[in-house]
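Working notes, beginning with the structure itself.
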Amino acid sequence: GRGGRKRAVIVRNLADLAAVEGLSLAEYRRDRVRQKGVERLLRETVEAAVVLRAVGDARRLFAAYVVAVERLVTAEAR
């Protein structure tokens with residue numbers, strides 16, 4: 001059903017986003033296509049979570065995103 005497809009989108013996108021977690025901010029910023037891809041994955045994931053009314057999942061996703069951004073900024077500051 002629709003819920004299963006939305007959950008699959010979330011799972012797939014989170015796996016894809018994990019691949020960029022280790023990038024430095026400089027590496028991330030150098031590749032505009034990668035930036036746009038990450039933004040698209042985040043948007044699709046949040047939209048899928050909202051459709052599922054999975055507020056808890058959306059909050060966890062946002063928290064994970066904030067942690068990833070903080071890691072990039074911290075790594076860049078070193």
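Excluded from the calculations below are hydrogen atoms, water molecules and symmetry mates; all remaining heavy atoms, backbone and side chain alike, are included. Computed from a predicted model, the values in this text were never measured in an experiment.
- Under the 3.5 Å distance criterion, the side-chain polar atoms of Glu21 are left unmatched by any main-chain donor or acceptor of Ala68.
- Listed by chain and number, the residues in a salt bridge (charged side-chain N to carboxylate O under 4.0 Å, His left out) with Arg34 are Asp31 (sequence neighbours excluded).
- Across all their heavy atoms, Glu27 and Gly22 have their closest contact at OE1-O, 4.3 Å.
- The structure places CZ of Arg5 at 13.5 Å from CD1 of Ile10, a figure rounded to the nearest 0.5 Å.
- When every heavy atom of Gln35 is checked against every heavy atom of Arg30, the shortest pair comes out as NE2-N, 4.4 Å.
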In residues 37-44, what donor-acceptor pairs under 3.5 Å come from side-chain atoms, sequence neighbours left out?
residue, atom, partner, partner atom, Å
Glu39, OE1, Lys36, NZ, 3.4
Arg40, NE, Glu44, OE2, 3.0
Glu44, OE1, Asn13, ND2, 3.2

